[in-house]
Amino acid sequence: MVKFDIVSGFLGAGKTTLVKKILHSLDTCEKIVLIENDFGEVNVDREIIEIEGFEVYELSNGCVCCKLKGDFLLTLKHLLSQEIDRIIFEPSGIFILSEILDVFKDIEVSSKCFINSVTTVVDAQNFTKHIQSYSGFFKSQILHASSLVISKAQFLNDKEIYLLEHELRTLNETAHIISKNWAELSNRDIKDLINGYSNSSLNVPKHFLNHNFDSMGLKTSRLLSLEQLENILGTCKKGGFGDVIRGKGILNSGAKYFEFNYVDGQYSIMESTDVKVGIISFIGNNLQKEKLTAAFI
């Protein structure tokens, strides 16, 4: 039977970073395939992961728990016709677990594949905002996880981490919780996430939520300096492009490429040493798509 591991988390929580850690920690003798689902029109994360030599199947411009459910089922059946050992699935940040479980009612899928683990990444810095503003998506991902991994824990003190763990435990009494700094995670910690703490169940109640988010994405050859990129992200923070919840991308400055991440008014920029492509993606509400496009084209 093929193992199916889900790594979920709300927008910008750090799913792709954890997926990369998982991929590099698992046994090399396993044949592993990654399915990437991005709500936006383009998939930045695929570009980042493929460059490291892993096989990635992409489902973009929608969520597999609604608009792309049929595409996801076809992709899964195609993969299960091959000789593979494990599928790691990184869904959109607005993913609803109960909807994807419908796929496993298909006899062709359930006879070859089983849900091995459900790991949810919880953004320590934005937990309160997300639980208040996006309660449906956020709580669903926490409630049905076999493991909860707290990201950005290094920005909280011990008391804040303790209170966050307590809140998570009130939502999910049985999940294994990891709150240590990710730089301290060992290969054993990572393997235990998807092999040692599975308590995922197929008996998950239905949640009907509207994916009423805007998205825009594009590939671009425009050269943007670090200062120009910082100005664009600063405008996002001020609401100049609408209510931007999540932004990410890789851009050419001429001398080098920069990778940026934007989450709820906080952003980071780092040099991209491997991926050499101009690509950006934004998700939010009431996005000013024409203004955003003009900023990058």
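Predicted, not measured: the structure shown is a model, and the values here were computed from it.
Heavy-atom neighbours of Lys139 NZ from other residues, nucleotides or ligands within 6.0 Å: at or below the threshold of 12. The environment of Lys112 atom NZ is dense: over 12 non-hydrogen atoms of other residues, nucleotides or ligands sit within 6.0 angstrom. Atom CD of Glu30 has more than 12 heavy atoms from other residues, nucleotides or ligands within 6.0 Å. More than 12 heavy atoms of other residues, nucleotides or ligands shown are found within 6.0 angstrom of CG on Asn157. A 6.0 Å sphere centred on CD of Glu271 holds more than 12 heavy atoms belonging to other residues, nucleotides or ligands. Taking a 6.0 Å sphere around CE of Met1, one finds it holds more than 12 heavy atoms contributed by other residues, nucleotides or ligands. In this structure, Asp85 places its CG atom where more than 12 heavy-atom neighbours from other residues, nucleotides or ligands lie under 6.0 Å away. For CD of Glu184, the number of neighbouring non-hydrogen atoms (other residues, nucleotides, ligands) closer than 6.0 Å is greater than 12.
Hydrophobic cluster membership is shared by Phe138 and Ile283, with clusters built from Ile, Leu, Val, Met, Phe, Trp and Tyr side chains linked at under 4.5 angstrom. Under a hydrophobic-cluster definition in which Ile, Leu, Val, Met, Phe, Trp and Tyr are linked whenever side-chain heavy atoms come within less than 4.5 Å, directly or via other members, Leu76 and Phe89 are assigned to the same cluster. Residues Ile194 and Val149 share a single hydrophobic cluster, defined by chaining ILVMFWY side chains whose heavy atoms lie under 4.5 Å apart. Ile22 and Phe114 fall into different hydrophobic clusters, where Ile, Leu, Val, Met, Phe, Trp and Tyr residues are linked whenever their side-chain heavy atoms come under 4.5 Å apart, directly or through other members. Linking Ile, Leu, Val, Met, Phe, Trp and Tyr whenever their side-chain heavy atoms come within less than 4.5 Å puts Val2 and Phe72 in one cluster.
Aromatic pair Phe282/Phe296: ring centres closer than 6.0 Å.
A donor-acceptor pair is defined here as one N or O able to donate and one able to accept, closer than 3.5 Å; no such pair exists between the side chain of Thr220 and the backbone of Ile279. Between the Arg222 side chain and the Ala295 main chain, a donor and an acceptor come within less than 3.5 Å of each other. Checked by atom type and distance alone, the side chain of Lys289 pairs as donor or acceptor with a backbone atom of Ser215 at under 3.5 Å. A donor-acceptor pair under 3.5 Å links the side-chain atoms of Asn172 to the main chain of Ala145, judged by distance alone. In this structure a side-chain-to-backbone donor-acceptor pair under 3.5 Å is present from Gln141 to Phe10. When atom types are taken as modelled, the side chain of Asn261 and the backbone of Lys248 share no donor-acceptor pair closer than 3.5 angstrom.
The line from CG of Leu79 to CD1 of Ile84 is 5.0 Å long, rounded to the nearest 0.5 Å.
Nearest approach of Gln288 to Gly242, heavy atoms of both residues: CG-N, 3.7 Å. What you find for Leu223 and Gln228 is that their closest heavy atoms are O-OE1, 4.0 Å. The two residues Ser179 and Ile150 come nearest to each other via the heavy atoms CB-CD1, 3.7 Å.
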### Task
Would you please test Leu193 and Leu185 for side chain to side chain contact (heavy atoms under 4.5 Å, CB included) and show each step?
CA-CA 11 Å; Leu193 273 179; Leu185 290 175; 5.9 Å; no
### Task
Could you go through the side chain to side chain contact (heavy atoms under 4.5 Å, CB included) check for Leu11 and Asp264 one step at a time?
CA-CA 9 Å; Leu11 300 167; Asp264 282 329; over 6 Å; no
### Task
Take Asn285 and Phe213 through the side chain to side chain contact (heavy atoms under 4.5 Å, CB included) test and state the conclusion after the steps.
CA-CA 5 Å; Asn285 294 300; Phe213 292 88; 3.9 Å; yes
### Message
As a quick check of understanding, evaluate side chain to side chain contact (heavy atoms under 4.5 Å, CB included) for Val263 and Gln125, giving each step before the final call.
### Response
CA-CA 10 Å; Val263 183; Gln125 286 186 300; over 6 Å; no
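Taking 4.5 Å as the limit, some side-chain heavy atom of Ile280 sits within range of a side-chain heavy atom of Met216. Inter-residue side-chain proximity for Ile6 and Val118 is flagged as met; some heavy-atom pair is nearer than 4.5 Å. Side-chain contact between Asn252 and Tyr257 is present, with heavy atoms from C-beta onward closer than 4.5 Å. Residues Tyr267 and Val244 have side chains not in contact (no heavy-atom distance under 4.5 Å, counting atoms from C-beta outward). Using a 4.5 Å cut-off on side-chain heavy atoms (C-beta onward), Ile88 and Lys3 make no contact. A heavy-atom distance below 4.5 Å is found between the side chains of Ile177 and Arg169. For the pair Leu218 and Leu292, the minimum side-chain heavy-atom distance is 4.5 Å or more. In this structure the side chain of Asp192 never reaches within 4.5 angstrom of the side chain of Ile178, judged on heavy atoms.
Checking Ser117 against Asp5 by side-chain atom types alone, a donor-acceptor pair falls below 3.5 Å.
Connectivity analysis of hydrophobic side chains (ILVMFWY, heavy atoms under 4.5 Å, direct or indirect) links Leu163 to Tyr162.
Scanning for salt bridge (charged side-chain N to carboxylate O under 4.0 Å, His left out) contacts around Lys152 gives Asp123, with sequence neighbours left out.
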